[in-house]
**Q** 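Here it is: the structure, laid out below.
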Amino acid sequence: MRSTKPVWTAKFGYIVSSLLLCALGAALIVHPSFSATALCALMGALLICYGIFKVIGYWSKDLFRLAFQFDLAFGILMIAVGLIMVIRPSQMLTLVNLVIGILVLADGLFKIQIALDSKAFGIKAWWLIMALAAAAVVLGILLMVDPFASSALLMILLGISLLAEGILNFCVMICTVKIMKNQIPDTTKLQHEEEP
């Protein structure tokens, strides 16, 4: 039997990171005058954590193989972007909305695919994942386009985007990651399938 510890670690880390993302998003909505440099550093640290848990999730081989299927490359990208934001926060000030917009857009598109796969698996909440992913796509595009003349409004939009992204990832974890104590390893499964 395969150990379920990697899946539990990835799921727990994902949920905690999602809640922290929601908290940061809510803080930006309430206080749009939040220090941009501090925001870059916080976002960078959060992206690094998210990226690490995404990579762990990819290698964890959860039962449905839905939530983590795109997370190896995307996790590495998030770690790299997070490191840049932590090391060079002042240089990232003018690019933070563009960078986060691209990440939110990409994650939203990946989650649309996950929603479609979830529907095929018979997961009832697939439509919720689809709706939240579509909202993330729209918010990601708005962040990149930056339609507001006011920096305060842009920070509020960033806060809404982070909040939506946190809720999206939380729902994906709850709805699609199933952990079974007696899960059979892939090699054993293949051997059983090949036997006449």
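Keep in mind that this is a model prediction, so the values were computed, not measured.
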**Q** Are Leu42 and Leu46 co-members of a hydrophobic cluster defined by side-chain heavy atoms under 4.5 Å apart?
**A** yes

**Q** Would you mind reporting whether Ile79 and Leu83 have side-chain heavy atoms less than 4.5 Å apart?
**A**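 When only atoms from C-beta onward are counted, Ile79 and Leu83 do touch, with a gap below 4.5 Å.
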
**Q** Say whether Phe34 and Leu95 are linked into one hydrophobic cluster, either directly or through other cluster members, by side-chain heavy-atom distances under 4.5 angstrom.
**A**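 They do share one cluster, since a chain of ILVMFWY contacts under 4.5 Å joins Phe34 to Leu95.
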
**Q** Run the side-chain contact (heavy atoms from CB on, under 4.5 Å) test on Leu19 and Ile15 for me, step by step, so that the C-alpha distance in whole Å, both residues' side-chain angles and the decisive distance to 0.1 Å come before the verdict.
**A** CA-CA 6 Å; Leu19 293 175; Ile15 289 172; 4.2 Å; yes

**Q** Testing the basics here: between Ala152 and Pro32, what is the closest heavy-atom pair and its distance to 0.1 Å?
**A** O-CB, 3.6 Å

**Q** Given the rule in the side-chain contact (heavy atoms from CB on, under 4.5 Å) test, do Met144 and Ile102 qualify, once you have shown the distances and angles that lead to the verdict?
**A** CA-CA 7 Å; Met144 290 188 293; Ile102 291 170; 3.3 Å; yes

**Q** Would you find a donor on one side and an acceptor on the other, under 3.5 Å apart, between the side chain of Asn169 and the backbone of Ser18?
**A** no

**Q** Taking atom CH2 of Trp126 and atom SG of Cys171, what is their separation to the nearest 0.5 Å?
**A**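 The CH2 atom of Trp126 sits 14.5 Å away from the SG atom of Cys171.
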
**Q** Of the non-hydrogen atoms in Leu139 and Ser161, which two are nearest, and what is the gap between them?
**A**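 Looks like CB-OG, 3.5 Å.
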
**Q** Quick one: do Met130 and Leu116 satisfy side-chain contact (heavy atoms from CB on, under 4.5 Å)? Show the steps, please.
**A** CA-CA 8 Å; Met130 177 67 79; Leu116 294 172; 3.5 Å; yes

**Q** The criterion is ring pair (Phe, Tyr, Trp, His ring centres under 6.0 Å); which residues satisfy it with Tyr50, sequence neighbours excluded?
**A**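 Checked Tyr50 against ring pair (Phe, Tyr, Trp, His ring centres under 6.0 Å); matches are Tyr14.
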
**Q** Are Ile87 and Ile84 co-members of a hydrophobic cluster defined by side-chain heavy atoms under 4.5 Å apart?
**A** no

**Q** Where do Ala136 and Leu168 come nearest, in terms of heavy atoms and distance?
**A**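 That closest heavy-atom pairing would be CB-CD2, 4.0 Å.
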
**Q** Give a yes or no on whether a salt bridge exists between Lys54 and Asp107, defined as a side-chain N under 4.0 angstrom from a carboxylate O.
**A**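 Looking at Lys54 and Asp107, the cut-off is met.
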
**Q** A side-chain contact here means heavy atoms from C-beta on lying under 4.5 Å apart; do Asn97 and Leu158 qualify?
**A**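 They are not in contact (no side-chain heavy atoms under 4.5 Å apart), so the answer is no.
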
**Q** Which distance, rounded to the nearest 0.5 Å, do you find between the OG of Ser151 and the CD1 of Ile156?
**A**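 One finds 10.0 Å between OG of Ser151 and CD1 of Ile156.
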
**Q** Apply side-chain contact (heavy atoms from CB on, under 4.5 Å) to the pair Leu47 and Ile100, showing each step before the final yes or no.
**A** CA-CA 10 Å; Leu47 286 176; Ile100 300 302; 4.3 Å; yes

**Q** Hey, are the side chains of Ile129 and Ile123 touching, using non-hydrogen atoms and a 4.5 Å cut-off?
**A**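 No, too far: nothing below the 4.5 Å cut-off.
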
**Q** Please examine the side chains of Val16 and Phe53, heavy atoms only from C-beta on, and report whether any two atoms are closer than 4.5 Å.
**A**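 No - every pair of side-chain heavy atoms lies 4.5 Å or more apart.
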
**Q** Any chance you could measure Leu162, atom CG, to Met155, atom CE, to the nearest 0.5 Å?
**A**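 Reported value, rounded in 0.5 Å steps: 9.5 Å.
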
**Q** With heavy-atom distances below 4.5 Å as the criterion, would you say the side chains of Phe121 and Thr176 are in contact?
**A** no

**Q** Would you check if Met43 and Val86 make a side-chain contact, meaning some heavy-atom pair closer than 4.5 Å?
**A**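 No, every pair of side-chain atoms sits at 4.5 Å or beyond.
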
**Q** I'd like to check the side-chain contact (heavy atoms from CB on, under 4.5 Å) partners of Trp59; sequence neighbours left out, ordered by chain and number.
**A** Val55, Leu72

**Q** Just verifying a value: how many Å separate Ile29 CD1 and Leu157 CG, rounded to the nearest 0.5 Å?
**A**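 That separation rounds to 9.5 Å.
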
**Q** Can you measure from CG (Leu28) to CG (Leu163) and round to the nearest 0.5 angstrom?
**A** 10.0 Å

**Q** Membership question, hydrophobic clusters at under 4.5 Å side-chain separation (ILVMFWY): are Ile52 and Phe170 in the same one?
**A**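 No, it is not one cluster - the side chains of Phe170 and Ile52 are not joined through contacts under 4.5 Å.
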
**Q** Quick check: closest heavy atoms across Ala10 and Gly57, and the distance to 0.1 Å?
**A** CB-CA, 3.5 Å

**Q** Quick check: are there more than 12 heavy atoms from other residues, nucleotides or ligands sitting under 6.0 Å from CZ of Phe74?
**A** yes

**Q** Test of understanding: clusters of I, L, V, M, F, W, Y form through side-chain heavy atoms closer than 4.5 Å, transitively. Do Ile48 and Leu21 belong to the same one?
**A** no

**Q** Can you tell me how far the CD1 atom of Ile160 sits from the CG atom of Leu153, to the nearest 0.5 Å?
**A** 9.5 Å

